[in-house]
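Just so we're on the same page: letters track the sequence lines, and every chain starts at 1. Here the structure is a predicted model, which is why all the values come from computation and not from measurement. These numbers come from the heavy atoms of this one structure, side chains and all, not from hydrogens, waters or symmetry mates.
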Number of protein chains: 2
Amino acid sequence: MAIRPAEQLIHKAAWLYYAHGLRQDEVANQLKISRASVAMYLRKARETGIVNISTSTQLFTDDVLARRLEDALKLDAVWIAPENAYVVDPSTDIAVLAASVFLELVKKGDRIGVAWGRTVYTIADIMSFADLQDVTVVQLCGNLGAPYSYRPDQCTMEIARRLNAKGLNFYAPLVLSTEELARALRAEPVIREQLAGISDCNLALFSVGTVDADSHVVKCGALTVSEMEVLRNAGAAGVIAGQIIDAAGEALDCSYNRRVISAELGSLGAIEKRLMVVQEDSKFEPLLAALAGGLCTHLVVGARVAQRLLDHAGAVTKKAS
Amino acid sequence: MAIRPAEQLIHKAAWLYYAHGLRQDEVANQLKISRASVAMYLRKARETGIVNISTSTQLFTDDVLARRLEDALKLDAVWIAPENAYVVDPSTDIAVLAASVFLELVKKGDRIGVAWGRTVYTIADIMSFADLQDVTVVQLCGNLGAPYSYRPDQCTMEIARRLNAKGLNFYAPLVLSTEELARALRAEPVIREQLAGISDCNLALFSVGTVDADSHVVKCGALTVSEMEVLRNAGAAGVIAGQIIDAAGEALDCSYNRRVISAELGSLGAIEKRLMVVQEDSKFEPLLAALAGGLCTHLVVGARVAQRLLDHAGAVTKKAS
DNA sequence: CACGGCTCTCGACAAAAGTCAAACCGAGCG
DNA sequence: CGCTCGGTTTGACTTTTGTCGAGAGCCGTG
């Protein structure tokens, strides 16, 4: 019985333990193995998503602030991660919440578009495993040539792995040197199909990037600091799935955007549920831009940003009236 | 801090413990309460469905037998509870599986029709709690006048309670003494609406009853042993939601059926997912009848019954060819 | 205002679960 | 044939968790 105790035994152990509520030693007896092995199987079962432990994220929607934001911003749902006393690690807390929310949104048979960035990768990294069936995770934008710690394909693959889903990668650079080349590449059947398939997604996960020297598109070498500055002066307000957007949330009319291989904002907008996650307070302006463009339907933010958003929305309304 | 530690604290504790993976004493520190309280909150969190622990039921669909049955019977999904060595309690095992399957099928916003019987009640009884939102559980058939251990309204309410859903009961007797009265009652607005609302359900849970002296409709006094015998001779093959069906799965043309207040088989059939659970081996014939009528789309049975079903289906096919 | 009744809370103990190094076992290989 | 290697399994040990009865704060009531 040394061969492949795997799946079958893990399943049985998980079943007896979690569904029937037996103790580990009882399970061990039933299965005629030692209790230590049972403990180990159960860990594997949790790690592979054979058992799902999920906490309701209702607490974070119940928040009055969240409700008001939903109304003010016309979003389907908002979750607010508290940033006070009882939080363990403020920086990952938003990601933990986002991961839970994400898992709650995913259903069997879904097709999920995933962008990239530190936030998305953090979420992928802490997300628990789940044993979904028939799920496809597609990469929303081209890859980075340079080695970078959280590449688009890594984000996609990691999330696919966690969901036990199929990962569809995108084998094209994020940004090319000339517009012609970008056009030509977009016309390639492999790429074209992938791009066309994006609007078939019913769930998207992404964050928004800043347009300063700290922006991930700068750090990864897609743009230089000075190029970015030029773009900023030209109206750049944020980065979504590798593309520059202006304050209205529209794709900025610039050479860089035309050289990018990524999901069109239009096809992104066709996706039913679009979950945007913003971790840093410094992303406030980009976030406003993304919201202005109606780029997301579901939002996860920290309490401080949430408050600023509400203040801002209130101010705008007041000014308008 | 002695007042209403409730919801809020429970949520926080559950969040820190399950989502962040802190230890109970760490949670206790964070929340400035004793570890014992944390343990107690966590239990409550589990009991109320604030955290969900669910085991994948894939093991039971992966079974080759299940797959073959799905094909042979043209069902959407079949789960087979093993009835051998490693099972704890053969009689409840099917119910435990059914409960898991049921919870896996329920989604936010669903409207669920629930019939009654020992099987359904057992499922309700062992089903873990879940914190669904916007879910409505409706009773599929009239109530029993006589006190009986598992009444239709109990089944409905218990399941509603477990799901934290709204329960819609049916305040009419299951069976009346005359056809006229039944007709009149069905025409009553309250009742008519409820009956009409049944086809709006997207999930149904029921079992099938036998047509012998042990049948629950006999035990609850809706029919006498001799009446049942007459019906059996007239072609009765099973009981679904309080109604008698023949071997083809059609409602039997008899006075009893006309005196019953219950979901029409037609509106039942309009429900997208219809989960039928059969615990006892003795329900084989009624099960065949229900299957013949295409009354269910999802099936949970024990291994022995499953095998007999497959043999039977094979024999029929062979005979036909 | 003293009295149960109520719920929440805590400390201490017992039970259960997690962990780790060592043993084991078959497979492949020199 | 005897070796190592990767994996599983185990017993023994430690840590974590569940539980229980007692105590503390907070009512409404007599």
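Look at OH on Y17(B): it is 10 Å from C1' on dG18(D), rounded to the nearest Å. The CG atom of D25(A) sits 17 Å away from the C1' atom of dT9(D) (whole-angstrom rounding). Whole-Å rounding puts the R43(B) CZ to dA16(C) P distance at 15 Å. Protein atom CG of N29(B) is 12 Å distant from nucleotide atom P of dT17(D), rounded to whole Å. Following rounding to the nearest Å, I10(B) (CD1) and dC8(C) (P) show an atom-to-atom distance of 9 Å. As rounded to whole Å, 12 Å separates atom P of dG11(C) from atom CD1 of I33(B). Protein atom CD of E47(A) is 12 Å distant from nucleotide atom P of dG18(C), rounded to whole Å.
Using a 4.0 Å heavy-atom distance criterion, R35(B) is classed as a base contact. Residue K44(A) is classed as a sugar-phosphate contact, given heavy-atom separations below 4.0 Å to backbone atoms only.
For the residue pair S37(A)/S34(A), the side-chain donor-acceptor check at 3.5 Å is satisfied. Side-chain contact of Y18(A) with R46(A): a donor-acceptor pair under 3.5 Å is present, judged by distance alone. For the residue pair N169(B)/D153(B), the side-chain donor-acceptor check at 3.5 Å is not satisfied.
OP1 or OP2 of dG18(C) lies within a sub-4.0 Å distance of a side-chain N or O belonging to Q24(A). Between Y41(B) and dC8(C), a side-chain N or O to OP1/OP2 separation shorter than 4.0 Å is absent. Between R23(A) and the phosphate of dT17(D), there is no side-chain N or O to OP1/OP2 separation shorter than 4.0 Å. Residue S37(A) places at least one side-chain N or O closer than 4.0 Å to OP1 or OP2 of dT10(D).
Considering only side-chain atoms of M40(B), the nucleotide from dT9(C), dT17(D), dG11(D) that sits closest is dT9(C).
Residues R304(B) and D281(B) are paired through a salt bridge, judged by an N-O separation under 4.0 Å between the basic side chain and the carboxylate.
Within a 6.0 Å sphere centred on CG of N29(B), other residues, nucleotides and ligands contribute more than 12 heavy atoms.
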